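Notes for the one structure printed next.
In this text, all values refer to a predicted model and were calculated from it rather than measured experimentally.
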Amino acid sequence: MTRYAMSIDLSACVGCSACSVACTMENDVPVGNHRLWIRNTTVGTFPNLTVEFRPEQCLHCENPPCVPVCPTGCCYVTDDGIVDIDAHQCIACGACIAACPYDARSMHPDGYVTKCNFCRHRLEEGKLPACVETCPTLCRSFGDLDDPNSAVSIAIREADRVDVLRPEQGTGPNLYYLNAPSSFGLTSNIWDVKHEEGAH
């Protein structure tokens with residue numbers, strides 16, 4: 001069975017925001033909304049300072065806390081592991097926004113919740129998500145996590161370090177951060193657990 005996942009090699013990310021722009025254009029994201037964004041932090045001691053970047057979006061969790069709280073069932077997980085929203089059933093109650101520990105959802109001006117869905121429409125056409133296809137440093141990999149020969153499986157297997165965002169939440173994210181600098185972190189516990197190869 002297909003289990004879609006994405007990895008981002010933070011050692012290669014330059015914070016150019018090409019992925020965010022591509023996402024916005026591909027999905028017609030309105031002004032003021034974001035499905036994908038870049039966090040950055042300055043590390044080091046003056047004058048030896050560097051900026052480190054971390055793209056963030058929906059993590060397509062195996063145990064998504066957003067799904068069971070939805071009163072209409074518009075939040076659901078597809079057979080291939082994508083957490084998605086049926087906008088036609090959404091009543092804009094905001095329960096899923098409150099439940100998501102990653103701030104990955106927002107309210108669309110037209111009155112429904114929106115977020116990243118790995119560009120499902122592109123996957124159905126045999127294409128990669130727009131953010132993956134656009135990245136100039138090729139730091140993003142995508143594919144079937146159950147296929148050992150997929151781009152994402154190879155990237156994770158060959159990485160020196162593999163992390164997930166806020167592992168203490170127990171959500172089982174399917175977005176993996178590779179080769180993160182040990183100093184990187186906007187909160188004290190983002191990088192405190194290393195995902196060993198084969199663990200999920």
May I ask you to check whether over 12 heavy atoms, not counting those of Asp79, lie within 6.0 Å of atom CG?
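Incorrect, the count does not exceed 12.
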Only counting residues at least two apart or in another chain, list the ones meeting salt bridge (Lys or Arg N to Asp or Glu O under 4.0 Å) with Asp144.
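None.
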From Leu123, Asn174, Val77, residue fulfilling side-chain contact (heavy atoms from CB on, under 4.5 Å) relative to Ile82:
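Only one of Leu123, Asn174, Val77 forms a side-chain contact (heavy atoms from CB on, under 4.5 Å) with Ile82, namely Leu123.
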So do [Y] and [X] actually touch side chain to side chain, heavy atoms under 4.5 Å?
X	Y	result
Val162	Tyr177	no
Asn40	Val51	yes
Tyr112	Cys74	no

Any donor-acceptor pair under 3.5 Å from Thr24 side chain to Val29 backbone
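Checking the backbone N and O of Val29 against the side chain of Thr24, no donor-acceptor pair under 3.5 Å is found.
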Arg35 side chain to Lys115 main-chain N or O, any donor-acceptor pair under 3.5 Å?
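Between the backbone of Lys115 and the side chain of Arg35 there is a qualifying donor-acceptor contact (under 3.5 Å).
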Proximity of His60 and Phe118 rings by center, below 6.0 Å:
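His60 vs Phe118: aromatic centres under 6.0 Å.
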With distance as the sole criterion, is a donor-acceptor pair present between the side chains of Tyr4 and Thr78 under 3.5 Å?
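No, because no side-chain N or O of Tyr4 sits under 3.5 Å from a partner of the opposite role on Thr78.
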Compute whether any side-chain donor of one residue and acceptor of the other, for Ser20 and Ser17, lie under 3.5 angstrom apart.
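The criterion, which ignores hydrogens and geometry beyond distance, is not satisfied for Ser17 and Ser20.
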Could you pull out all residues at least two apart from Ser106 that satisfy side chain to side chain contact (heavy atoms under 4.5 Å, CB included)?
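Side chain to side chain contact (heavy atoms under 4.5 Å, CB included) list for Ser106, sorted by chain: Asn33, Thr114.
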With a cut-off of 3.5 Å and sequence neighbours excluded, list every side-chain donor-acceptor pair involving residues 126-140.
from: Lys127; atom 1: NZ; to: Glu125; atom 2: OE1; distance (Å): 3.3
from: Glu133; atom 1: OE1; to: Arg122; atom 2: NH2; distance (Å): 2.9
from: Glu133; atom 1: OE2; to: Arg122; atom 2: NH2; distance (Å): 3.1
from: Thr134; atom 1: OG1; to: Ala130; atom 2: O; distance (Å): 2.8
from: Thr137; atom 1: OG1; to: Ala12; atom 2: O; distance (Å): 3.1
from: Arg140; atom 1: NH1; to: Gln57; atom 2: OE1; distance (Å): 3.0
from: Arg140; atom 1: NH2; to: Gln57; atom 2: OE1; distance (Å): 3.3

